[in-house]
Amino acid sequence: MTALTLSTAAATDLRADAVVVGVAKGSATKTGGLVVAPGAEAVDKAFDGKLASVLETLGASGGEGEVTKLPAPSGCKAPVVLAVGLGAEPEKTDDGGAFEVEALRRAAGVAARALAGSKKAAFALPVEDAEDAGAIAEGALLGAYSFDAYKESAQDPKKAKAPLAEVAILGGKPRDKAYKAEVERVLALTEELNRARDLVNTPPNDLNPEAFATVAQVAAKEHGIKVQVLDEKALEKGGYGGILGVGAGSASGPRLVKLSYKNSKAKKHLAFVGKGITYDSGGISLKPAGHNETMKCDMAGAAAVFAAVVTAARLGLEVNVTGWLALAENMPSGSATRPGDVLRMYSGKTVEVLNTDAEGRLVLADAIAKASEETPDAIVDVATLTGAMMLALGNRTFGIMANDDAFRTSIHEVAEEVGEPSWPMPLPADLRKGMDSSTADIANMGERMGGGLVAGLFLKEFVGEGITWAHLDIAGPAFNEAGPFGYTPKGGTGSAVRTLVRLAERTAAGDLG
Ligand code: BES
Ligand code: MN
Ligand code: ZN
C-alpha cells in the first residue's frame, strides 16, 4: 500500500525520486499552447521560467493522460520532473477558475502509474482547497495500484517494478482540519477499494464463496462490523432457493454474508446487496469459449459492497449500513440446476430457470428479499448483471435502474461527483410479460431486446413493499480488459465503491431523502 503525506515543502526542496507537475492546454483566449499549472512555480523557476517551452520542444501539449519525463535542473532536489497532462485549462472565472477534481484525480493516477519502481514522488499539482488535495491523493493511490501476487517476477525485486511507495502532496495545509480529514478519508477509501480490486483479480480457483466469506469475516472483526455467514446448511434451512440453485453445480458451496455496520448516531439505514458469483461458467447453459475467460470478475458487485461497508465503518459514518454478499459459483455438473428447473425463492415466489447463465438475478433476488425484512430506508444492489448493459453503455459507464425516479437521479449525481460515469435507465413495464412462465410465477429470462432492463424488472419483484431500491449494472466498468487509463488499472477496477461510499456519506449528512 502506497503511503501518503501532506507537505509544505517547496517542490524544489523535497527529497524525492521525482516531482510531478501539471501541464494543460492553454485556453483559446491565450496562445492555445501548453501552460504550466499552478503548483509548479518553483520548478518552473528552476528551469529559468522556460519549463513550458522545454516541454513543447519535447512535443508535449498538455493533453489528458500525457506523460513527459525530463531531468530536473540544478536547484531541484528530485532528479526527475514528470509533467502530466491535465487537459484543457479551465476558463478563468471570477473566483479564479480551478481544475476539475476529476482532472486532478486522473492526472495524479497517470503520474503514479508512470512512476512505478520509484520510492517517493512529490506531487506539485494545483491545490486550492482540501478537496483538491484529496482528489490528487485519491488518484495517486488508485493509480499506483498493481496486481502482481501471481507473478514470479514480483518475488524478485530486480525484475519487479514495485508500485510507487510514497506520495507527498504539496500545496496543502497539513495542520488544517479539513485537509487532515481528507487524508484520512482517502487512505481508508483507497485501501478498501484496492482490496476490492484484489478480490476481483484473484483467480477463481483461489477465491471461491467460502474463501470470500472468510476474507469478509476477518475484515469485519478488524473494523468492528458484525458479520454473519450462512453456509449451505443454513441456506437450506432458511429456504434460499435462488442462491442454492445457482450454487448447486459447484464443488464449492454458496454463502450469504451479512455485514452490519451500526453507528449510534445514525438516523438512516442503507442496505447494499452485491452479486458475488466467484466464477460464472454459465452453468448447464454453458458460455462458449471467448465469453468465460474474464468471468472471475462476476463477484465485483459483492466486492464493491464489501469495500463500501468497511470504508463506512473505518470512517465512522453516522449511518447504519448493512452489506449482503450473495456468493456462489455457477458451474455445470450432475448436481447443477437445469434449464427447466423451478426454484422456490426465499421470498416464496417460484422461478422457472430457462437459462442457467441468468444466475445473478437469482442470487440477488434472495438477498434483496432478505435485506427487505429489515425495512432499510433504501436498498442498492450492485451487479455485473448483463452483457446487454455493456452493449447499451460501453465499458466505462454503469446503468442505474430504480423503483423511485428521485433516488435514481440522486445516485446518478453522487456517481458523477466521485468521477464514476453512470446513466439512468428505465424499467419499462411492458417488458415484464416476456418473463411470464407457464409453470412458475416468473421465468429468469425474458425478451432479448432490453436485456439489462428485463433483469432489472426481475429484481424489482423481490424488493419488499414500499422500500426504495436502485440497481447498478456494472457489467461494463467492473473489469477493464483494455489498457489502463487515468487512475483505472487493467483488470478489476473497484467500480461502484466510491459511489456507494459517497451515498452513505450523503445519507449520513442528511442530504438524501
Ligand atoms: N455475468 C454475466 C453478465 C456479464 C457478461 C458480465 C459479460 C460481465 C461481462 C451474466 O450472468 C450473464 O451471463 N448474463 C446473461 C443473461 C442472459 C442469459 C439472459 C447475458 O447477459 O447474456
Ligand atoms: Mn451468467
Ligand atoms: Zn453472471
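Counting convention: from 1, in listed order, for ligands and their atoms alike.
Salt bridge Arg314/Glu184: absent, no basic N to carboxylate O contact under 4.0 Å. Contact check on Lys287 versus Asp357 returns a salt bridge, with a Lys/Arg side-chain nitrogen under 4.0 Å from an Asp/Glu carboxylate oxygen. The existence of a salt bridge linking Glu102 and Arg106 is confirmed by a sub-4.0 Å separation between a basic side-chain nitrogen and an acidic carboxylate oxygen. Look at Lys433 and Asp436 and you find no salt bridge, because none of the NZ, NE, NH1 or NH2 atoms lies under 4.0 Å from a carboxylate O. At a threshold of 4.0 Å, the pair Arg408-Asp405 counts as salt-bridged, since one of the basic side-chain nitrogens sits closer than that to a carboxylate oxygen. Salt bridge status for Lys258 with Glu374: present, with a side-chain N to carboxylate O gap under 4.0 Å. Under the 4.0 Å criterion applied to side-chain N and carboxylate O atoms, Arg255 and Asp231 are not assigned as salt-bridge partners. Salt-bridge formation is not detected for the pair Glu236/Lys233: no Lys NZ or Arg NE/NH1/NH2 atom is positioned less than 4.0 Å from an Asp or Glu carboxylate oxygen.
Ring geometry for His412 versus Trp423: interplanar angle over 60°, hence perpendicular rather than tilted (30 to 60°).
Protein heavy atom at the shortest distance from atom 15 (C) of ligand 1 is Asp357 O, 4.0 Å. With hydrogens left out, the protein atom closest to atom 10 (C) of ligand 1 is Leu385 O, 3.3 Å, a heavy atom. Of all protein heavy atoms, the one lying nearest to atom 2 (C) of ligand 1 is Asp280 OD2, 3.5 Å. Scanning all protein heavy atoms for the shortest distance to atom 4 (C) of ligand 1 gives Met295 CE, 4.0 Å. Among all non-hydrogen protein atoms, the one lying nearest atom 20 (C) of ligand 1 is Gly387 N, 3.9 Å.
In this structure, Lys287 counts as a contact residue of ligand 1, since one of its heavy atoms falls inside 4.0 Å of the ligand.
Checking each of Thr375, Thr507, Thr322 against His269 for a side chain to side chain donor-acceptor pair (under 3.5 Å) leaves exactly one that passes, namely Thr322. Of the listed residues (Glu416, Glu420, Glu413, Glu417), just one forms a salt bridge (charged side-chain N to carboxylate O under 4.0 Å, His left out) with Arg502, and that residue is Glu417.
Remark: atom 22 (O) of ligand 1 lies closer than 4.0 Å to no protein heavy atom.
Heavy-atom proximity to Arg361, at under 4.0 Å, picks out these atoms of ligand 1: 16 (C), 19 (C). Listed by number with element, the atoms of ligand 1 under 4.0 Å from a non-hydrogen atom of Glu359 are 11 (O). For ligand 1, the atoms closer than 4.0 angstrom to any heavy atom of Ala475 are 6 (C), 8 (C).
Of all the listed residues (Met390, Lys275, Arg448, Met445), Met445 holds the heavy atom that lies closest to atom 19 (C) of ligand 1.
Geometry at the Zn ion (ligand 3): OD2/Asp298 and OD2/Asp280 form an angle of 90°, nearest 10 degrees. Geometry note: the Mn ion (ligand 2) is the vertex, Asp357 O and Glu359 OE1 are the arms, and the angle is 70° (rounded to 10 degrees).
Put simply, Lys275 gets within reach of the Zn ion (ligand 3), with an N, O or S atom under 2.8 Å from it. Taking backbone and side-chain atoms together, Asp357 has no N/O/S atom less than 2.8 Å away from the Zn ion (ligand 3).
Nearest N/O/S atom of Glu359 with respect to the Zn ion (ligand 3) is recorded as OE2. When you scan the N, O or S atoms of Asp280 for the one nearest the Mn ion (ligand 2), you land on OD2.
Between Asn355 and ligand 1, no pair of N/O atoms sits closer than 3.5 Å.
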